[in-house]
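One structure below.
By convention in this document, chain letters (A, B, ...) are assigned in the order of the sequence lines, proteins followed by strands, and residues within each chain are numbered from 1.
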Amino acid sequence: MDIIVLVKQIPDPEIPPASFKIDAATNKVVPPAGVAPVIDPYSEHALEAALRLKDANPGSVIKVLSLGANLNKELLKKALALGADELILIDDPAYADLDAPATAGVMASAVKKIVKFDIILTGRAAADWDAGQTGLLLAGSLNAPAVSHARKVEFSGGKLRVERVVSDGYDVIESAIPAVITVSSEIGKLRLPNIKGVLAAKKKEPVYWKAADLGAAPGRKVKLVRLYQPQREASCELIPGATPEEQGINLALKLRELKLI
Amino acid sequence: MDILIIAEVKDGALSPVSTELFTAARTISADSRVSVVAIGNGVKSAVLSLANLGASVVFLAEPRDLTPQLAVSFIGKAAAESRAAVILMAESDLGADIAPQLASKLGTAAVTGVVALRNDNGQLIITRPVYGGNAMADFTIDTEPQIISIRPKVFAPAASGGNQTAETIELAAESPANIRVIEHVAVQQQGPRIEEAKVVVGGGRGLGGPEGFTQLKQLADLLGGVVGASRPPCDQGWWPETGQIGITGKIISPDLYIAVGISGSSQHVSGVTGSKTIVAINKDAEANIFKAATYGVTGDWKKVVPALTVKIKELTGG
Ligand SMILES: Cc1cc2nc3c(=O)[nH]c(=O)nc-3n(C[C@H](O)[C@H](O)[C@H](O)COP(=O)(O)OP(=O)(O)OC[C@H]3O[C@@H](n4cnc5c(N)ncnc54)[C@H](O)[C@@H]3O)c2cc1C
């Protein structure tokens with residue numbers, strides 16, 4: 001199979017909430033000092049789905065696409081260490097601030113440049129903007145069927161069988177190829193690279209594409225007017241008690257007083 | 001600003017969140033013309049209630065097998081006929097899937113998971129959490145129709161205006177041949193759905209293993225509530241994934257949420273801020289959950305929870 005995976009580089013989403021800062025003048029997140037960007041966790045799940053498909057369908061080729069400005073080559077080479085065959089970095093200052101439709105538009109041009117694909121895997125969302133749109137918009141641009149929130153992706157008899165997470169369980173969906181699948185965390189963690197993979201990746205270089213290779217940067221349809229931190233009232237009343245048991249009892253009394261029990 | 005609402009219907013009944021979309025529509029403009037696509041099975045039985053909520057036109061879409069692709073095809077037709085400037089849908093299993101696909105089909109853009117809407121002199125300001133709930137963003141959409149998917153429970157259900165009529169138009173669409181739903185597997189759940197429960201007891205990594213959840217279950221049963229979890233217990237298999245609370249799990253809004261052994265990451269907290277009262281039990285006084293909580297106990301849950309459970313039993317005679 002010809003597999004394409006979209007992998008995004010984002011600011012570390014697991015930093016403590018207290019270190020999260022916004023520059024109100026530029027509407028941008030201020031990266032905390034000393035915290036390096038990471039691969040978006042959902043992209044990692046998409047990569048794992050791709051590797052499993054390759055395990056089950058030997059001879060498959062995985063091409064990883066990452067889009068942004070100033071991408072960290074060493075970080076993204078992790079995909080090569082794990083068994084991806086090619087890493088394509090679409091890196092151009094023109095691509096620093098795209099909205100979801102524009103991102104999907106650039107990705108669609110890149111996919112058309114690659115020409116052949118059976119399946120495109122993306123995360124169900126990226127953990128910075130959390131919008132959950134790129135994969136589905138890309139499917140629209142490519143006129144391919146889309147399945148979102150996948151927790152399992154299999155290929156047999158020329159068809160994809162995908163389990164899609166829904167609120168009360170999951171749907172089993174059968175799709176023709178080519179298709180676009182967005183992957184959820186339920187699929188499981190990304191495997192760890194082995195020494196052989198790491199050494200092989202050291203020797204491999206990513207391919208770089210610029211805006212000029214893919215056409216002009218599309219404009220924004222969605223404008224960010226303001227980015228700000230939610231105000232939460234920090235007025236937590238602590239339940240007294242000399243011992244944890246006493247605190248438990250006092251909590252019960254408090255809940256009774258509040259008529260919650 | 002004419003508005004098109006996507007109302008999900010199951011066995012003839014309107015999904016609760018669909019009635020909330022009418023309140024959202026009125027927030028945008030009190031005198032907009034509101035059309036509705038009623039999509040699902042038994043849509044005809046929902047027409048009267050949709051008319052009473054303020055729909056002037058109801059498009060009926062009753063596919064045999066509802067795939068998002070088919071929904072997009074139906075809605076695309078209704079969008080063209082209604083010429084609405086804004087399309088509202090719920091951020092549900094279906095809505096999350098179709099908002100971007102519809103945007104792509106109509107050559108416009110969507111904002112998903114919206115938690116607030118404001119009409120600023122004819123310009124719609126659309127608010128949603130970003131960065132795992134660490135930040136909020138206000139957006140505008142420059143193209144029409146503006147597609148907006150709204151989180152459940154953000155708006156109150158609209159009150160019925162009573163005895164109105166609506167024009168109905170049946171929509172036809174062809175099933176896409178390249179994709180189909182073969183099976184729906186529902187995971188058995190005890191008690192009310194976590195999204196609708198009045199009391200939720202959540203367990204985190206601090207429980208240290210699956211056994212702790214047995215104790216939380218006892219507590220939840222006593223309170224007539226359900227148990228949920230932060231992400232790590234679901235990843236570890238201590239608690240089913242359908243019970244995960246947070247941006248990747250369920251957004252809850254109970255009267256009482258008790259967070260046990262949960263540190264309060266923004267990804268978790270942004271799923272519980274709709275709770276009326278939040279109680280945090282955590283041994284770390286600096287834990288972020290205390291910033292979101294109304295009441296806090298700083299202590300070891302292994303001692304706090306059994307004492308709490310016994311006392312509640314005594315107080316309620318349970
Ligand atoms: C993209 C993305 C999406 C995510 N989505 C979600 C989501 O939907 N939901 C979610 O919950 N998380 C989500 N997360 C994970 C989130 O960032 C946190 O890692 C997670 O919420 C932490 O869970 P926790 O609070 O249970 O564990 P921890 O952060 O490890 O906290 C455990 C807490 O237990 C306390 N504790 C330990 N022992 C005891 C004891 N004996 N008594 C009392 N207290 C004790 C500790 O003091 C600590 O505060 C997501 C992360 C990412 C990157």
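Ranked by heavy-atom pairs under 4.5 Å with chain B, the first of A:Gly140, A:Gly188, A:Ala146, A:Ser141 is A:Ala146. For the set B:Val187, B:Val181, B:Thr140, the entry with the most heavy-atom pairs within less than 4.5 Å of chain A is B:Thr140. Among the candidates B:Gly299, B:Ala137, B:Ser263, the residue making the largest number of heavy-atom pairs closer than 4.5 Å to chain A is B:Ala137. Among B:Leu223, B:Val199, B:Ile126, B:Asn288, the residue with the largest count of heavy-atom pairs under 4.5 Å with chain A is B:Asn288. Between chain B and the options A:Gly169, A:Pro145, A:Ala176, A:Pro240, heavy-atom pairs under 4.5 Å are most frequent for A:Pro145. When the candidates A:Ile261, A:Thr134, A:Val147, A:Leu138 are compared by the number of heavy-atom contacts under 4.5 Å with chain B, A:Ile261 comes out ahead. The most heavy-atom pairs under 4.5 Å with chain A, out of B:Lys302, B:Lys105, B:Gln267, come from B:Gln267. Of all the listed residues (A:Gln229, A:Glu174, A:Glu245), the one sharing the greatest number of non-hydrogen pairs under 4.5 Å with chain B is A:Glu174. For chain A, the option among B:Asp255, B:Thr298, B:Val305, B:Asp300 with the highest count of heavy-atom pairs below 4.5 Å is B:Thr298. With respect to chain B, the highest number of heavy-atom pairs below 4.5 Å among A:Arg164, A:Glu163, A:Glu246 belongs to A:Arg164. Counting heavy-atom pairs closer than 4.5 Å to chain A, the top residue among B:Pro68, B:Cys234, B:Ala186, B:Ala99 is B:Ala186. Comparing A:Ile173, A:Ile239, A:Asp168 by heavy-atom pairs within less than 4.5 Å of chain B, the highest count is held by A:Asp168.
If you measure heavy-atom distances from B:Val111 to chain A, the contacts under 4.5 Å come from both the backbone and the side chain. B:Thr294 touches chain A through its backbone: at least one of N, CA, C or O sits under 4.5 Å from a heavy atom, while the side chain does not. Only the backbone of B:Thr108 comes within less than 4.5 Å of a heavy atom in chain A; its side chain stays farther off. At a 4.5 Å heavy-atom cutoff, the contact between B:Thr127 and chain A is made by side-chain atoms alone. For chain A, the nearby parts of B:Glu183 are the backbone and the side chain; heavy atoms of each come within less than 4.5 Å. If you measure heavy-atom distances from A:Ser148 to chain B, the contacts under 4.5 Å come from both the backbone and the side chain. Both the backbone and the side chain of B:Ala110 come within less than 4.5 Å of a heavy atom in chain A. For A:Val162, no part sits under 4.5 Å from any heavy atom of chain B, backbone or side chain. At a 4.5 Å heavy-atom cutoff, the contact between A:Phe20 and chain B is made by side-chain atoms alone. Residue A:Leu258 touches chain B through its side chain alone, counting heavy-atom pairs closer than 4.5 Å. The contact between A:Ile22 and chain B is made entirely by side chain atoms (from C-beta outward), counting heavy-atom distances below 4.5 Å. Of the atoms belonging to A:Leu255, it is side-chain heavy atoms, and not backbone ones, that fall under 4.5 Å from chain B. With a 4.5 Å cut-off on non-hydrogen atoms, B:Glu195 touches chain A through its side chain but not through its backbone. Contacts between A:Pro11 and chain B at a heavy-atom distance below 4.5 Å involve the side chain alone, from C-beta outward. Heavy atoms closer than 4.5 Å to chain A are found in both the backbone and the side chain of B:Ile247. If you measure heavy-atom distances from A:Arg256 to chain B, the contacts under 4.5 Å come from the side chain alone. Proximity to chain B is limited to the backbone of A:Ala127, based on heavy atoms less than 4.5 angstrom apart. Of the atoms belonging to A:Pro101, it is side-chain heavy atoms, and not backbone ones, that fall under 4.5 Å from chain B. The part of A:Lys254 that comes within reach of chain B is its side chain, from C-beta onward, which places non-hydrogen atoms under 4.5 angstrom from that chain.
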task = With side chain to side chain contact (heavy atoms under 4.5 Å, CB included) as the test, would you mind laying out the steps for A:Val38 and A:Glu44 before giving the verdict?
result = CA-CA 10 Å; A:Val38 298; A:Glu44 290 206 343; over 6 Å; no
inquiry  = Applying side chain to side chain contact (heavy atoms under 4.5 Å, CB included) to A:Asp97 and A:Lys28, what does each step give before you reach the verdict?
reply    = CA-CA 10 Å; A:Asp97 246 337; A:Lys28 286 208 164 90; 3.4 Å; yes
task = Kindly indicate, with the supporting measurements, whether the criterion side chain to side chain contact (heavy atoms under 4.5 Å, CB included) is fulfilled by B:Arg128 and A:Asp130.
result = CA-CA 9 Å; B:Arg128 70 185 302 273; A:Asp130 298 322; 4.2 Å; yes
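The environment of CG in A:Asn143 is sparse: at most 12 heavy-atom neighbours from other residues, nucleotides or ligands sit within 6.0 Å. Atom CD of B:Glu286 sits in a sparse spot, with 12 or fewer heavy atoms from other residues, nucleotides or ligands closer than 6.0 Å.
In this structure, A:Ala49 and A:Val183 approach most closely via the heavy-atom pair CB-CG2, 4.1 Å. Across all non-hydrogen atoms, the minimal contact from B:Thr248 to A:Ser185 is CG2-OG, 4.5 Å. Between A:Ala144 and A:Val180, the shortest heavy-atom contact is CB-CG2, 4.4 Å.
The closest side-chain heavy-atom distance from A:Arg220 to B:Asp142 is not below 4.5 Å. Within the 4.5 Å cutoff, the side chain of B:Ile281 has heavy atoms near those of the B:Ile258 side chain. Side-chain atoms of B:Pro152 and B:Ile251, non-hydrogen and from C-beta on, never get closer than 4.5 Å to each other. Contact of the B:Leu315 side chain with the A:Leu253 side chain is registered, since non-hydrogen atoms from C-beta on lie closer than 4.5 Å. Side-chain contact between B:Gln69 and B:Gln101 is present, with heavy atoms from C-beta onward closer than 4.5 Å. Contact check for A:Met1 versus A:Ile119: side-chain heavy atoms found under the 4.5 Å cut-off. B:Arg118 has its side chain out of reach of B:Leu124: every pair of non-hydrogen atoms, C-beta onward, lies at least 4.5 Å apart. Looking at A:Lys8 and A:Pro41, their side chains never come closer than 4.5 Å, going by heavy atoms from C-beta outward.
For the pair B:Lys250 (side chain) and B:Thr242 (backbone), a donor-acceptor distance under 3.5 Å is present.
Of the inter-residue distances, the one linking B:His268 atom NE2 with B:Thr273 atom OG1 reads 10.5 Å to the nearest 0.5 angstrom.
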